[in-house]
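Here the structure is laid out as structure tokens; the discussion comes afterwards.
Computed from heavy atoms alone, side chains included, the values below leave out hydrogens, waters and symmetry copies.
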Amino acid sequence: PDCPDFTALLPFRVAIMTTAERSSSIFLFCHKSTKSLAQRIVSSTASKALLVDATRNVEFHDAIDWGEFSDAWPNIFINSVKECAGKDVIFLASFHSPQVVFEQLSVLYAFPRYLVRSFTIILPYFSTGTMERVDMEGQVATAMTLAKLLSAIPLSARGPAQLIMFDIHALQERFYFTDNVIPRLETAIPLLLQRLMRLEDRQDVSIAFPDEGAYKRFHSLFSSYELITCIKVREGTKRVVTVKDGSPVGRHVVIVDDLVQSGGTLQECAKALMSSGAKAISAYVTHAVFPQGSWKKFLHSDDSSRVNFRHFWITDSLPSAIDIAKQEPFELLSLSDIVAEMLLAYDLKR
């Protein structure tokens with residue numbers, strides 16, 4: 001929303017392209033659930049390309065029919081697939097539910113076989129990332145399973161596919177992928193840093209991490225802020241969240257993590273910070289998973305057992321985030337600008 005909507009100009013732009021310009025176009029396809037983000041990416045790329053006089057452009061191809069047969073198995077058709085030969089192709093995926101994984105894998109396996117020059121998959125949320133290790137015999141590390149499925153994507157004319165993911169739960173998961181794909185682990189934290197600079201009380205902002213894992217992962221990205229770390233400690237038969245390092249007294253504390261599910265840890269962390277003197281609490285997560293509508297517990301209320309968050313920033317790494325962000329205190333920080341900058345910064349022809 002922060003950038004002009006250039007999507008209406010795209011048909012005109014395509015119509016006047018020269019043959020050379022057409023050959024340098026990047027084709028962007030997407031799953032039906034990510035169409036909104038795909039349109040944002042094209043709009044943002046168009047506006048940024050005008051500023052830097054880029055020679056390459058991104059064309060959005062809403063050209064995949066996501067049908068199904070009478071027995072509910074996918075019936076998929078890529079309408080403009082013959083145009084992809086010799087082109088750089090990007091597919092914007094979303095594995096937000098097991099029900100949509102198979103149909104998208106089918107498309108990911110198909111594109112390289114149509115002689116695309118290079119193939120890039122943008123998978124903002126690696127959905128099985130929290131199940132990356134085995135603590136006892138019998139557990140299944142489904143993060144490795146999904147990595148193997150993605151590693152089976154055929155090579156394009158220029159080699160392995162690139163797989164772009166944001167704030168994956170554990171960095172070591174990159175080693176679950178084979179050499180058949182190139183995982184690019186990116187972060188969406190720059191979106192938060194930009195938003196924090198627009199706060200009226202930005203001088204009072206401190207960054208808190210709900211556990212030591214989040215601290216290790218993100219603390220180096222907040223070098224100009226005071227940092228606070230929370231941990232869980234055992235009190236009798238209970239485990240409670242407490243402040244380990246840093247002082248929240250008189251501060252607007254922003255809790256940062258890669259994802260949120262039930263939100264229980266964030267609420268407990270917020271309570272510990274408020275009881276230690278924080279003047280306000282906000283939060284940021286890249287992936288707003290929120291199963292079973294758990295985001296509703298963060299809506300402002302008079303319930304004294306909960307902390308009312310001033311801001312709760314989320315990205316559109318999952319399709320459901322767009323609707324969640326319509327409710328206060330949620331606010332959407334779209335990945336579109338970061339993706340657009342990637343597409344302009346990395347020359348896929350190399």
Side-chain angles (χ1 to χ4, degrees), residues 1-2 33-34 36-38 40-41 44 92-97 121-132 143 146 163-174 183-197 205 207-222 225 227 230 253-267 269-270 281-291 294-295 298 309 311-327 329-342:
D2 294 334
S33 65
T34 62
S36 176
L37 177 55
R40 289 172 184 260
I41 290 171
S44 182
L92 179 60
S94 177
F95 288 1
H96 57 276
S97 166
I121 304 98
I122 303 174
L123 181 64
Y125 174 51
F126 187 66
S127 49
T128 59
T130 56
M131 195 57 205
E132 83 282 10
L146 186 55
L163 178 60
I164 299 173
M165 297 167 286
F166 287 90
D167 293 316
I168 195 168
H169 186 66
L171 292 176
Q172 61 267 28
E173 292 175 43
R174 70 165 73 238
R184 284 176 49 187
L185 307 186
E186 306 288 348
T187 181
I189 293 298
L191 295 174
L192 173 62
L193 294 173
Q194 293 170 12
R195 182 64 182 88
L196 293 179
M197 291 301 296
V205 169
I207 304 299
F209 305 101
D211 52 48
E212 291 184 330
Y215 170 81
K216 291 178 182 178
R217 178 68 187 279
F218 295 117
H219 79 277
S220 63
L221 301 175
F222 297 96
Y225 290 89
L227 303 182
C230 296
V253 182
V254 179
I255 306 171
V256 174
D257 209 350
D258 61 327
L259 62 84
V260 59
Q261 297 217 32
S262 69
T265 299
L266 285 182
Q267 278 288 345
C269 186
I281 302 293
S282 294
Y284 165 86
V285 296
T286 301
H287 309 299
V289 183
F290 287 128
S294 56
W295 57 270
F298 290 95
F309 284 55
H311 304 281
F312 200 132
W313 295 291
I314 60 177
T315 78
D316 43 6
S317 67
L318 289 104
S320 58
I322 296 173
D323 288 332
I324 294 174
K326 295 175 182 178
Q327 310 290 328
F330 294 100
E331 180 182 335
L332 189 71
L333 305 180
S334 180
L335 294 172
S336 57
D337 280 349
I338 288 183
V339 173
E341 290 170 4
M342 288 180 188

Considering all heavy atoms of both residues, which atom of F209 and which atom of A214 are nearest to each other, and what is their separation? CD2-O, 3.7 Å
Measure across T34 and L92 and return the closest heavy-atom pair with its distance rounded to 0.1 Å. OG1-O, 3.1 Å
Using a 4.5 Å cut-off on heavy atoms from C-beta on, say whether the side chain of S294 contacts that of Q261. no
Could you tabulate the donor-acceptor pairs under 3.5 Å formed by side-chain atoms of residues 311-318, not counting sequence neighbours?
from: W313; atom 1: NE1; to: E331; atom 2: OE1; distance (Å): 3.1
from: T315; atom 1: OG1; to: T286; atom 2: O; distance (Å): 2.5
from: T315; atom 1: OG1; to: S317; atom 2: N; distance (Å): 3.2
from: D316; atom 1: OD1; to: L335; atom 2: N; distance (Å): 2.9
from: D316; atom 1: OD2; to: S334; atom 2: OG; distance (Å): 2.8
from: S317; atom 1: OG; to: T286; atom 2: O; distance (Å): 3.1
from: S317; atom 1: OG; to: H287; atom 2: ND1; distance (Å): 2.8

Quick one: closest heavy-atom pair of Y284 and A188, and the distance? OH-CB, 3.4 Å
What distance separates L227 CG from F222 CZ, expressed to the nearest 0.5 Å? 8.5 Å
Side-chain touch T265/D257, heavy atoms, less than 4.5 angstrom: no
What's the separation between atom OG in S127 and atom CD1 in I168, rounded to the nearest 0.5 Å? 10.0 Å
Looking only at heavy atoms, which two atoms of G129 and A143 are closest? And how far apart? CA-CB, 4.3 Å
When rounded to the nearest 0.5 angstrom, what is the spacing between CG in L332 and CD1 in I324? 10.0 Å
Could you check if a side-chain atom of V256 sits within less than 4.5 angstrom of a side-chain atom of L221, using non-hydrogen atoms only? no
Is there side-chain contact between L259 and V285, with heavy atoms separated by less than 4.5 Å? no
Rounded to the nearest 0.5 Å, what separates atom CZ in F218 from atom OG1 in T187? 5.5 Å
Can you name the closest pair of heavy atoms from Y225 and V205 and give their distance? CD2-O, 3.6 Å
Using a 4.5 Å cut-off on heavy atoms from C-beta on, say whether the side chain of I338 contacts that of E186. no
Would F330 and F290 count as a close aromatic pair, with their ring centres under 6.0 Å? yes
Rounded to the nearest 0.5 Å, the CD1 atom of I281 sits from the CD atom of Q267 at a distance of 10.0 Å
With the side chain counted from C-beta on, respond yes when Y125 and V289 share a heavy-atom pair under 4.5 Å apart, and no when they do not. yes
Under 3.5 Å, is there a donor-acceptor pair between the side chain of R217 and the main chain of L171? no
Given side-chain contact (heavy atoms from CB on, under 4.5 Å), test L196 with I207 step by step and report yes or no. CA-CA 11 Å; L196 293 179; I207 304 299; 4.0 Å; yes
For the residue pair W295 and V260, establish whether any side-chain heavy-atom pair is separated by less than 4.5 Å. no
To the nearest 0.5 angstrom, please state how far the CZ atom of R174 sits from the CG atom of L185. 4.0 Å
Kindly determine whether M342 and R184 satisfy side-chain contact (heavy atoms from CB on, under 4.5 Å), including the steps that lead there. CA-CA 11 Å; M342 288 180 188; R184 284 176 49 187; 3.9 Å; yes
Specify the closest pair of heavy atoms between S320 and A288, including all atoms of both residues, with the distance to one decimal. OG-O, 4.3 Å
